[in-house]
Protein chains: 2
Amino acid sequence: MENCIERLEKKGVRVTSIRILVLNALMNASGTMSLGDLESALETVDKSSIFRTLELFVKKHVVHAIDDGSGSVKYEVCEGEDECTLADMHTHFYCESCHRTFCLKDISAPIVSLPQGFQANSINYIIKGICPECRKYGVSF
Amino acid sequence: MENCIERLEKKGVRVTSIRILVLNALMNASGTMSLGDLESALETVDKSSIFRTLELFVKKHVVHAIDDGSGSVKYEVCEGEDECTLADMHTHFYCESCHRTFCLKDISAPIVSLPQGFQANSINYIIKGICPECRKYGVSF
DNA sequence: TCTACCCTCGCAACCCGGTTGCAAGAGGGT
DNA sequence: ACCCTCTTGCAACCGGGTTGCGAGGGTAGA
């Protein structure tokens, strides 16, 4: 909680109650959260407020957005103090059974060399499949 | 054109005029096409018909879908005769300036090894940045 | 040939995540 | 206390995707 406030101040984001709520939810989440996840986790807060908060967080590099192709963008707290570089991008795993997105933080996204003229800004590396839990419980595709 | 019909028959898809139109458009496209692209390319055909055609094509492995995080799914004709395997997946480049998606067919998507228990079915490897053309014409982000 | 059936297609309506305009509310500085 | 700015909630909107339904057209069997 204190941690949240500190983090916001460090990134130059004015501290408000909603921003603490959103950041706290993201920091306590086991994985990533979507706008919808946050909406249902924070029932008292309006969707558009959460949306604008996330928008601000992304701009200020408090969190980063991951598009896992599920139709809803996921958010995750940035680890480093400064901006995320290409090398910071890590691998994500999307479970096609339970529709959760896992951060494989210790697996950094591989970087291929591009043809002449292409300039890379970011990498989206998503592996889709079945997560260990769903396999264990025999949930079929 | 003949090529289209042959390809559909080979994949066990009943040949209809709309299916030929859609597949032909995709085969002649320089890159990938979205549902919207096809809709405007084939003015006479209804959106839902194109949607259902693409749905069928994906199921029958005539085309595959790529989610480049632009908000609209892109489609691309499958190369091989049989189903696409992990190794077949190639890299895509999304230009944040002109919003086009490029297929880097000769760059196959890198495969990382997953933690115990995760089962990979497909890979989405998207690099976002600025394409050569947009850089040349000095279009800034 | 006639009929019954199934697949395909167009239309319209819907769904849902995301986004925006606007007005009220809260907070900080003077 | 006052003003200005930022923040928030509400409601409406947007666009891609999706679905229900009924009409059209082809096909197989009688």
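All values below were derived from every heavy atom in this structure, side-chain atoms included, with hydrogens, water molecules and symmetry-related copies excluded. Letters go in sequence order (proteins before strands), and every chain restarts at 1.
As a whole-Å value, the separation of A:Leu54 CG from D:dT7 C1' is 15 Å. The separation between B:Lys59 atom NZ and D:dT18 atom P is 14 Å, rounded to whole Å. If you take CD1 of A:Ile50 and C1' of C:dG17, they are 13 Å apart, rounded to a whole angstrom. Protein atom CD1 of A:Ile18 is 12 Å distant from nucleotide atom P of C:dA26, rounded to whole Å. B:Asp67 has its CG atom 12 Å from the C1' atom of D:dG16, to the nearest Å. Atom CG of A:Leu8 is separated from atom P of D:dT7 by 12 Å (rounded to the nearest Å). The CD atom of B:Glu39 sits 16 Å away from the P atom of C:dC9 (whole-angstrom rounding). The separation between A:Leu38 atom CG and D:dG9 atom P is 14 Å, rounded to whole Å.
Taken to the nearest 0.5 Å, the NZ atom of A:Lys11 stands 11.0 Å off from the NZ atom of A:Lys60. Interatomic distance, B:Ser97 OG to A:Gln119 CD, rounded to the nearest 0.5 Å: 10.5 Å.
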Would you give a per-nucleotide map of nucleotides 19-25 of chain C, 5' to 3', where B means the base has a protein non-hydrogen atom under 4.0 Å away, S means only the sugar-phosphate does, and - means neither?
BBB----
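Checked against side chain to side chain contact (heavy atoms under 4.5 Å, CB included), A:Leu21 has the following partners two or more places apart in sequence or in another chain: A:Leu42, A:Val45. In this view, A:Asn124 and A:Ile66, A:Asp67, A:Ile126, B:Ile126, B:Lys128 satisfy the side chain to side chain contact (heavy atoms under 4.5 Å, CB included) rule, not counting sequence neighbours.
Within the 4.0 Å cut-off from OP1 or OP2 of C:dG10, at least one side-chain nitrogen or oxygen of B:Ser49 is found. Residue A:Ser34 has no polar side-chain atom (N or O) positioned under 4.0 Å from OP1 or OP2 of C:dG17.
Nearest to the side chain of A:Arg14, among D:dG16, C:dC7, C:dG28, sits C:dG28.
B:Tyr75 places no side-chain N or O within 3.5 Å of a backbone atom of B:Val58 that could act as its donor or acceptor partner.
Between B:Met27 and B:Cys4 the shortest heavy-atom distance is SD-SG, 3.8 Å.
At a threshold of 4.5 Å between non-hydrogen side-chain atoms, the residues B:Phe51 and B:Asp46 do not count as touching.
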